[in-house]
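FYI, the numbering just counts along the sequence from 1.
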Amino acid sequence: MHPSPLLGPIVALVAWSIVMLVWHAVARSPIVRGRLRDDAGEGDSEREGRPNWRTNNYLHLMGQPTIFYAIVFALVLMGFDRPINLYLAWGYVGLRIAHSIARETVRDLRLRDILFLLATVCLACLTVHAGLFLLHHHG
């Protein structure tokens with residue numbers, strides 16, 4: 001038995017989440033920042049500003065994507081890995097990666113909102129497909 005092609009987007013998004021975790025850890029590293037934080041709290045104000053962008057970016061990959069994982073696993077279990085669902089799943093992953101990169105680089109809120117909205121549309125379509133499949137194949 002060959003694994004469902006829908007597992008690819010799941011693996012890719014988990015891998016991207018790990019990349020963002022490492023990126024966050026390296027960016028917060030005292031070696032990268034060029035100085036050590038002292039016990040008196042030097043660097044606390046820095047933790048409240050720019051570096052939190054990366055923390056928030058990583059946390060965003062722990063939020064809505066958990067729903068993505070659930071619905072894609074449901075589609076896999078139903079055997080409903082049709083091309084449209086594969087395209088939507090890869091679209092979701094690509095848009096979430098683009099969203100992460102936009103958060104780290106351009107910081108354009110409008111662009112991030114558009115990318116997030118488009119990813120959410122992909123997720124909603126996957127969910128509707130799963131629901132319709134269940135309705136159609138129930139009893």
Side-chain angles (χ1 to χ4, degrees):
M1 178 172 95
H2 293 279
S4 169
L6 279 174
L7 296 175
I10 290 173
V11 172
L13 193 53
V14 170
W16 179 251
S17 298
I18 293 168
V19 166
M20 290 308 301
L21 177 62
V22 170
W23 189 352
H24 166 70
V26 168
R28 299 279 306 235
S29 166
I31 295 168
V32 171
R33 290 188 7 222
R35 62 182 168 79
L36 295 174
R37 290 182 215 132
D38 63 21
D39 291 335
E42 182 180 357
D44 285 346
S45 63
E46 194 170 329
R47 268 180 260 153
E48 295 168 6
R50 287 182 61 117
N52 277 344
W53 288 337
R54 270 188 202 91
T55 300
N56 291 339
N57 200 351
Y58 176 73
L59 292 176
H60 276 262
L61 291 169
M62 299 300 110
Q64 189 188 63
T66 59
I67 300 167
F68 169 77
Y69 300 137
I71 199 64
V72 172
F73 278 129
L75 289 164
V76 169
L77 290 172
M78 291 186 282
F80 193 34
D81 53 6
R82 301 296 189 269
I84 185 65
N85 290 331
L86 187 60
Y87 299 145
L88 287 166
W90 277 115
Y92 181 84
V93 170
L95 288 161
R96 289 310 303 246
I97 290 171
H99 181 261
S100 290
I101 292 170
R103 285 185 65 90
E104 292 297 323
T105 57
V106 296
R107 309 243 195 291
D108 181 342
L109 187 57
R110 187 174 44 182
L111 173 62
R112 288 178 12 210
D113 286 347
I114 290 168
L115 293 169
F116 185 82
L117 175 65
L118 291 172
T120 302
V121 168
C122 289
L123 181 59
C125 289
L126 287 166
T127 304
V128 168
H129 286 172
L132 291 173
F133 186 87
L134 284 175
L135 286 173
H136 185 262
H137 291 88
H138 184 282

Gln64 and Arg96, any side-chain heavy atoms less than 4.5 Å apart: yes
Polar side-chain atom of His136 near backbone of Leu132 as donor-acceptor pair, under 3.5 Å: no
ILVMFWY cluster, Ile101 and Val19 together (side-chain gap under 4.5 Å): yes
For the student: nearest non-hydrogen atoms of Val72 and Ala89, plus distance: CG2-CB, 4.5 Å
Hydrophobic cluster membership, Leu13 vs Leu95, 4.5 Å side-chain cutoff: no
Candidates Trp90, Phe68, Tyr92 - the one meeting side chain to side chain contact (heavy atoms under 4.5 Å, CB included) with Cys122: Tyr92
CG-NE2 distance between Leu118 and His99, expressed to the nearest 0.5 angstrom: 11.0 Å
CG on Leu88 to CG on Leu126, rounded to 0.5 Å: 5.0 Å
Verify same cluster id: Ile97, Leu117 (apolar side-chain graph, 4.5 Å): no
Closest non-hydrogen atom pair between Ala12 and Val93, with its separation: CB-CG1, 4.1 Å
Spacing of Ile71 atom CD1 and Thr66 atom OG1 [to the nearest 0.5 Å]: 12.0 Å
Interatomic spacing from CG in Leu75 to CE in Met78 - rounded to 0.5 Å: 4.5 Å
Verify same cluster id: Leu123, Val128 (apolar side-chain graph, 4.5 Å): no
Same apolar cluster: Ile84 and Leu86, side chain cutoff 4.5 Å: yes
Side-chain donor or acceptor of Asn85 paired with backbone N/O of Phe80 under 3.5 Å: yes
Atom OH of Tyr69 with >12 non-hydrogen neighbours under 6.0 angstrom: yes
Thr127 side, atom OG1; Ile67 side, atom CD1 - distance, nearest 0.5 Å: 8.0 Å
